[in-house]
Amino acid sequence: MDDVERRALPLVQELLFGFRVVIVNGPRQSGKSTLLHQVQRHRAPVVNLDDPSLLDSALADPVAFLDHLPAQVAIDEFQRGGDGLLLALKMAVDRRRERGQFLLAGSTRFLTTQTLSETLTGRVGITELLPLSAGEVRSSPESFVDRLYADGPDIASANCEPLARADYAESICVGGFPELVLGPTTQRFRTAWCRSYVETVTAAATVSQVANVRRPGVVTDLLRQLAARSAQEIVISDLTRELVVDESTVRSYLDVLETLYLVRLVPAWTTSETNRVKRRPVGHVLDSALAAHLVDVTADQLSDLSSPWMGPLLESYVVGEIAKQIGWAEKPTRLLQFRDRQQHEVDVVLERGTAIAAIEVKATSTPRAKDARHLAYLRDRLGARFRIGVVLHTGQQRVALGDRLVAVPVSALWAT
């Protein structure tokens with residue numbers, strides 16, 4: 001893991017020059033601890049609140065705990081210290097104006113939890129470290145999101161890695177967690193790791209760090225329901241019926257799963273910000289390996305042409321890779337999706353200022369013009385705002401499908 005170059009490293013270093021506090025959030029086992037040690041090579045040591053004795057000190061007297069730490073320290077699993085440690089940290093950084101006083105890491109989006117009374121507004125820079133991207137695994141530069149806007153249809157000229165359906169099935173089931181990417185390739189190991197991960201992250205002790213949950217078992221059940229509905233709109237009434245709980249519980253536990261970095265809810269794109277709030281999001285398990293485990297499908301099963309899971313899991317995989325690239329893109333870019341009452345659906349809508357790039361994901365090796373029909377609808381509706389529409393597929397063809405519409409392999413995501 002130490003020799004994997006993380007795209008977040010230069011960004012974190014840059015943020016430390018501009019903010020008094022920098023927070024690196026991300027899922028458990030995504031490599032945050034390794035990143036902290038890389039950043040801190042020429043700074044103070046890393047303090048980890050997974051250490052029971054350190055955690056006890058932080059909880060018992062958070063002010064004294066911070067006062068005894070060296071300057072420019074990093075604190076891993078900071079969310080374990082709760083509201084008391086956060087308030088003590090605010091007092092500490094307000095006493096001095098120096099940049100880069102604290103580097104924090106957390107396995108939850110802890111500043112968004114209702115149990116905290118402070119958000120460090122104006123003092124903190126926040127970034128996310130998601131599981132390894134395909135390009136990080138391959139030591140390949142990734143700029144697909146930026147090239148959509150810079151190159152337009154010329155993106156089809158990229159030098160794509162030649163992969164088959166079985167290769168993509170394998171990538172989906174490996175996902176991006178370093179332990180899976182770099183560990184044994186047996187199905188027994190993958191199943192055991194994913195089962196342990198889900199059990200640990202949804203355990204009552206972990207969930208209680210972000211919310212007061214009366215029925216933690218329902219959190220796990222909800223996660224499985226979302227995996228079974230990968231790449232589908234979230235219909236609250238369907239989930240309440242399956243889980244036999246009320247609507248408010250489902251909404252609350254969806255927030256918990258997002259805060260724990262287990263799921264990603266992709267908002268709807270419309271031309272109206274108000275309508276975006278009203279439209280249903282589309283749900284994805286955050287890492288495709290966990291999604292495959294939760295629906296009990298292996299890479300061999302997924303590569304079979306009759307598998308009903310290849311389409312939705314491939315879409316979740318692509319959404320995850322694009323979300324990672326947005327984290328280091330040159331300009332702010334929003335990840336959205338589009339669905340309307342006329343059954344037009346676009347899997348990914350990227351919004352950069354007023355410019356739109358759109359992506360359809362197809363589990364086919366032979367893309368056709370009809371695969372781009374919803375992209376064409378969006379193009380015709382938006383006119384000049386529409387930069388490019390891309391059909392990502394599991395074949396090796398790179399073809400034009402119409403005005404500003406192209407089909408390229410999924411491996412174009414990390415193509416040079």
Side-chain angles (χ1 to χ4, degrees), residues 130-142 144-145 147-148 155-156 158-178 180-183 185-187 190-191 193-194 227-228 230-232 264 266 282 284-325 335 337 346-348 359-368 371-372 390-399 401 406-416:
L130 298 173
L132 291 167
S133 68
E136 287 175 325
V137 173
R138 294 166 170 81
S139 298
S140 174
E142 296 164 286
F144 180 79
V145 170
R147 287 188 292 114
L148 287 173
I155 200 168
N159 183 24
C160 301
E161 183 180 4
L163 298 178
R165 180 185 175 97
D167 298 316
Y168 290 118
E170 176 72 6
S171 293
I172 289 168
C173 291
V174 172
F177 286 107
L180 285 177
V181 172
L182 305 174
T185 60
T186 64
Q187 185 58 46
R190 292 176 182 175
T191 299
W193 192 93
C194 290
S230 291
Q232 295 181 26
R264 175 181 289 108
V266 181
V282 167
H284 301 275
V285 176
L286 190 126
D287 186 82
S288 59
L290 294 180
H293 167 73
L294 289 165
V295 298
D296 195 23
V297 64
T298 67
D300 288 341
Q301 294 168 333
L302 203 57
S303 63
D304 191 288
L305 291 175
S306 64
S307 173
W309 293 111
M310 185 61 173
L313 292 186
L314 181 65
E315 182 180 334
S316 291
Y317 175 79
V318 168
V319 167
E321 291 300 308
I322 290 174
K324 294 167 190 176
Q325 291 196 26
L335 173 60
Q337 47 78 25
V346 177
D347 299 330
V348 175
I359 299 167
E360 278 281 84
V361 183
K362 299 294 182 182
T364 178
S365 58
T366 310
R368 296 182 172 86
D371 294 325
V390 178
V391 175
L392 292 176
H393 60 88
T394 56
Q396 298 182 25
Q397 298 181 45
R398 290 172 285 175
V399 296
L401 298 176
V406 297
V408 297
V410 171
S411 60
L413 289 168
W414 56 89
T416 56

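Every heavy atom of this structure was used, including side-chain atoms; hydrogens, water molecules and symmetry mates were not. Predicted model only: the values in this text are computed from it and were never measured. Counting begins at 1 with the first residue of the sequence.
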*asked:* Is it the case that the side chain of Glu142 and the backbone of Ser133 share a donor-acceptor pair, with hydrogens and angles ignored and the cut-off at 3.5 Å?
replied: no

*asked:* For Gly176 versus Asp287, what's the shortest heavy-atom pair and its separation?
replied: N-OD1, 2.9 Å

*If we only count heavy atoms from C-beta on, is the Leu286 to Pro131 side-chain gap below 4.5 Å?*
yes

*Name the one of Ile155, Val399, Val391, Leu401 that satisfies side chain to side chain contact (heavy atoms under 4.5 Å, CB included) with Val406?*
Ile155

*Could you check if a side-chain atom of Arg190 sits within less than 4.5 angstrom of a side-chain atom of Val174, using non-hydrogen atoms only?*
yes

*If we only count heavy atoms from C-beta on, is the Ile359 to Leu148 side-chain gap below 4.5 Å?*
yes

*Is any side-chain heavy atom of Ser288 closer than 4.5 Å to a side-chain heavy atom of Leu313?*
no

*Do Pro367 and Gln397 come close enough that some side-chain heavy atom pair is under 4.5 Å?*
yes

*Could you walk me through whether Lys324 and Glu136 pass the salt bridge (charged side-chain N to carboxylate O under 4.0 Å, His left out) test, one step at a time?*
CA-CA 10 Å; Lys324 294 167 190 176; Glu136 287 175 325; over 6 Å; no

_Check: Gln325 side chain, Phe144 main-chain N or O, donor-acceptor pair, under 3.5 Å_ = yes

_Arg398 (side chain) donor-acceptor with Pro409 (main chain) under 3.5 angstrom_ = no

*asked:* With a 4.5 Å cut-off on side-chain heavy atoms, are Val318 and Asp347 touching?
replied: no

*asked:* So does His284 get a backbone contact from the side chain of Arg264, meaning a donor-acceptor N/O pair under 3.5 Å?
replied: no

*Can you say whether the rings of Tyr317 and Trp414 are parallel (under 30°), tilted (30 to 60°) or perpendicular (over 60°)?*
perpendicular

*Considering only heavy atoms from C-beta outward, does the side chain of Met310 approach that of Tyr168 to under 4.5 Å?*
yes

_Flag side-chain contact, heavy atom, 4.5 Å: Arg165 against Leu305_ = yes

*asked:* Between Ser306 and Asp304, do the side chains contain a donor N or O and an acceptor N or O under 3.5 Å apart?
replied: yes

